K.L.:
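A single structure is presented below for examination.
Predicted, not measured: the structure shown is a model, and the values here were computed from it. Worth knowing before you read on, the calculation uses all heavy atoms, side chains too, and leaves out hydrogens, waters and symmetry mates.
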Amino acid sequence: CVCYLDIETTTSMGFPKVENAGMYPLVSVAVMKRNGEYEFFYAGNDEKQMFIDLVDYLKKNNLTVMVGWNSINFDLPHLIKRAEKLGLHDEALYFKMMSQIDMYEEYKNVVKGLSQYSLKAVSIHEKLERIKNMDKMIDDMTYEELKSYNLYDVEILKIELGNKIKAMQGSELEDVVISKVLEDVL
């Protein structure tokens, strides 16, 4: 089944780069299922337990296809490398085995000519109701601010951009995702 997933990492060491994946502790993970139900995982003082709870949730709900924004170049490497660094090899393997759909790459292939393809830039370009703003660094956010910020990414992928894709292609985002996964597998 399809899920929309977004991670947030600590910003105490600056903005994390993919070549340093695994060095930055994860602070939170937001997951939204196809039916719109979501789950928010917060590391608090136990990042390792957050990883275990996250993968247990994904397995329990048979969530094997991850949709994200720049997930192949950011979220996925950080999830895998950080899990390995924490000694959570089964969890790292689960992420490696998930099918991936990176809406960032898909969007860039369809919409040409933007100077940036951040979620904020795309939100402005698409004239979406909400624009992603980061007024504070991740480490300075309260729990509620972090939850809202983290969930925004999965909501915009599932609902806002999902509706745009439906209008452009005449089909539900999940149908496009599933056909893409099948195309990659076959």
Side-chain angles (χ1 to χ4, degrees), residues 1-11 16 24-72 74-80 82-83 88 91 94-95 97-107 118-120 122-123 126 128-136 138-167 171-178 180-181:
C1 292
V2 175
C3 72
Y4 302 82
L5 191 141
D6 180 62
I7 69 167
E8 299 302 338
T9 62
T10 185
T11 53
Y24 296 83
L26 267 70
V27 176
S28 64
V29 180
V31 180
M32 183 177 282
K33 296 192 306 189
R34 186 176 184 166
N35 65 6
E37 291 177 13
Y38 68 85
E39 199 67 40
F40 178 70
F41 298 88
Y42 178 66
N45 293 323
D46 198 344
E47 182 188 13
K48 196 171 189 176
Q49 188 61 51
M50 181 192 72
F51 265 98
I52 293 166
D53 293 345
L54 170 62
V55 172
D56 284 349
Y57 174 81
L58 296 172
K59 287 179 179 178
K60 178 182 162 204
N61 289 280
N62 195 29
L63 300 173
T64 58
V65 179
M66 179 197 308
V67 179
W69 189 265
N70 199 27
S71 55
I72 290 174
F74 187 82
D75 299 66
L76 188 60
H78 283 281
L79 285 165
I80 292 168
R82 191 64 188 168
L88 299 169
E91 285 74 5
Y94 190 82
F95 292 119
M97 293 178 63
M98 289 183 84
S99 295
Q100 303 293 318
I101 303 294
D102 191 337
M103 292 305 296
Y104 171 84
E105 295 297 332
E106 299 295 323
Y107 189 85
S118 67
L119 269 180
K120 181 176 182 176
V122 169
S123 297
E126 293 292 343
L128 301 181
E129 286 184 31
R130 296 187 308 165
I131 306 295
K132 183 171 186 164
N133 285 315
M134 188 170 181
D135 300 329
K136 295 180 180 179
I138 296 296
D139 295 329
D140 297 329
M141 291 182 182
T142 66
Y143 173 87
E144 288 302 322
E145 289 169 332
L146 177 63
K147 183 177 179 180
S148 175
Y149 182 80
N150 199 181
L151 286 171
Y152 174 82
D153 285 1
V154 292
E155 289 171 353
I156 197 168
L157 285 174
K158 166 84 172 103
I159 299 164
E160 304 273 356
L161 288 176
N163 289 338
K164 290 284 183 182
I165 288 170
K166 182 179 178 182
S171 58
E172 295 288 338
L173 176 59
E174 285 86 358
D175 295 334
V176 173
V177 167
I178 290 166
K180 175 82 172 134
V181 169

K.L.:
With side chain to side chain contact (heavy atoms under 4.5 Å, CB included) as the test, pick out the partner of V65 among C1, S99, C3.
P.N.:
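Looking at C1, S99, C3, the match for V65 under the side chain to side chain contact (heavy atoms under 4.5 Å, CB included) is S99.
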K.L.:
Measuring from I101:CD1 to L157:CG, what's the distance to the nearest 0.5 Å?
P.N.:
12.0 Å
K.L.:
Please report the interatomic distance OG1(T9) to CD(E47), rounded to the nearest 0.5 Å.
P.N.:
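The distance works out to 10.0 Å.
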K.L.:
So do the side chains of I156 and W69 get within less than 4.5 Å of each other, counting heavy atoms only?
P.N.:
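No, side chains not in contact.
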K.L.:
After noting the C-alpha distance and the side-chain angles of L63 and Y57, does the key distance pass the side-chain contact (heavy atoms from CB on, under 4.5 Å) rule?
P.N.:
CA-CA 8 Å; L63 300 173; Y57 174 81; 3.9 Å; yes
K.L.:
Can a donor-acceptor pair be found, under 3.5 Å and without considering hydrogens, that links the side chain of S123 to the backbone of L119?
P.N.:
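Such a contact is found between S123 side chain and L119 backbone.
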K.L.:
Main chain of M98, side chain of Q100: is a donor-acceptor contact present, judged purely on distance under 3.5 Å?
P.N.:
yes
K.L.:
Do the ring centers of F40 and Y143 come within less than 6.0 Å of each other?
P.N.:
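Judged by ring-centre distance (under 6.0 Å), F40 and Y143 do meet the cut-off.
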K.L.:
With respect to E8, which candidate in Y42, Y149, Y24 satisfies the side chain to side chain contact (heavy atoms under 4.5 Å, CB included) definition?
P.N.:
Y149
K.L.:
With heavy-atom distances below 4.5 Å as the criterion, would you say the side chains of L54 and L58 are in contact?
P.N.:
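L54 vs L58: side chains touch.
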K.L.:
For the CE atom of M50 and the CG atom of L88, what is their distance to the nearest 0.5 Å?
P.N.:
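The distance works out to 10.0 Å.
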K.L.:
Okay, side chain of D6, backbone of V154: is any donor-acceptor separation there less than 3.5 Å?
P.N.:
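Not a single qualifying donor-acceptor pair exists.
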K.L.:
Any side-chain heavy atom of V27 sitting closer than 4.5 Å to one from D139?
P.N.:
yes
K.L.:
Using side-chain heavy atoms (C-beta onward) and a distance below 4.5 Å, is F74 in contact with P16?
P.N.:
yes
K.L.:
Passes side-chain contact (heavy atoms from CB on, under 4.5 Å), F95 versus D75? Steps please.
P.N.:
CA-CA 10 Å; F95 292 119; D75 299 66; over 6 Å; no
K.L.:
Report yes or no: does N150 contribute a side-chain atom to a donor-acceptor pair with the main-chain N or O of L146 at less than 3.5 Å?
P.N.:
no
K.L.:
I'd like to know if the side chain of N35 reaches the main chain of E37, judged simply by a donor and an acceptor atom lying under 3.5 Å from each other, with no hydrogens or angles considered.
P.N.:
yes
K.L.:
Mind checking the CG-CD1 spacing from L26 to I7? Nearest 0.5 Å is all I need.
P.N.:
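Separation between the atoms: 4.5 Å.
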K.L.:
What is the distance from atom CD of E91 to atom CZ of R82, rounded to the nearest 0.5 Å?
P.N.:
14.0 Å
K.L.:
Any chance you could measure S71, atom OG, to Y4, atom OH, to the nearest 0.5 Å?
P.N.:
12.0 Å
K.L.:
Tell me the closest heavy-atom pair linking K33 and K158, and the distance in Å.
P.N.:
O-CE, 3.8 Å
K.L.:
If you compare all heavy atoms of F41 against all heavy atoms of V31, which two are closest, and at what distance to 0.1 Å?
P.N.:
CE1-CG2, 4.1 Å
K.L.:
Do M66 and L76 come within less than 4.5 Å of each other through their side chains, counting heavy atoms only?
P.N.:
yes
